[in-house]
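Values below: every heavy atom of this structure, side chains too, minus hydrogens, waters and symmetry copies.
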Amino acid sequence: MISTVPDTDFDAVLTANLRRAAAGTLPLTTGILQLLGTAAQTEARLAAAEAVFPGITHLAGDKPPTLAVYTVTRHGLALGTYATREAARAQGEAALKRCSLPAGAFIGWVPDNGDEHAPEDLVTFGPGPDDESVTSIRITAQPVLVDYDPEAEG
């Protein structure tokens, strides 16, 4: 049976124990050493998760943050799937740069709408002031579900 202590600030308890261990006033039994090692390992894993999925370690209430992966396609064929939109954009831009662009042309990502997970098309602009061309490179966001919901569409 596992017992819980209500309203305990476990971060404060861990911080106090780390300070006591550093000061030499905490008896370093095998159990305490294992606990401190596990806490350090957990903090490292959380930091790594936060680096890949920003916001994942800051869950608010009962609802987890919206997570998504980003797939880059060209002519409808997948080039790769990435954890961040920035990585997907880099892949798409690298694929376009294999083709020659007209002198003075530049590229940009244009979303379908204002939604944070809206699909984006890679567009070339220039060299003329009214020259704009949609490439075949597109990024689509695919939601990553945390829980199975039998009521959800799809």
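- Between the CD atom in Q91 and the CG atom in L96 there is a gap of 11.5 Å [rounded to 0.5 Å].
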With a cut-off of 3.5 Å and sequence neighbours excluded, list every side-chain donor-acceptor pair involving residues 67-74.
from	atom 1	to	atom 2	distance (Å)
Y70	OH	H117	ND1	3.4
T71	OG1	T81	OG1	3.1
T71	OG1	Q142	OE1	3.3
T71	OG1	Q142	NE2	3.3
T73	OG1	R138	O	3.4
R74	NH1	A95	O	3.1

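- Contact check for E93 versus W109: side-chain heavy atoms found under the 4.5 Å cut-off.
- Residues V144 and V52 share a single hydrophobic cluster, defined by chaining ILVMFWY side chains whose heavy atoms lie under 4.5 Å apart.
- Residues forming a side chain to side chain contact (heavy atoms under 4.5 Å, CB included) with A94 (at least two apart in sequence, or on another chain): none.
- Looking at every heavy atom in both residues, A118 comes nearest to P111 through CB-CB, 4.4 Å.
- Using a 4.5 Å cut-off on side-chain heavy atoms (C-beta onward), I107 and T135 make no contact.
- V110 and F106 end up in the same hydrophobic cluster when Ile, Leu, Val, Met, Phe, Trp and Tyr side chains are linked at under 4.5 Å.
- With a 4.5 Å cut-off on side-chain heavy atoms, D121 and D112 count as touching.
- Cluster annotation: I137 and Y82 are assigned to the same hydrophobic cluster (Ile/Leu/Val/Met/Phe/Trp/Tyr, side-chain heavy-atom contacts under 4.5 Å, transitive).
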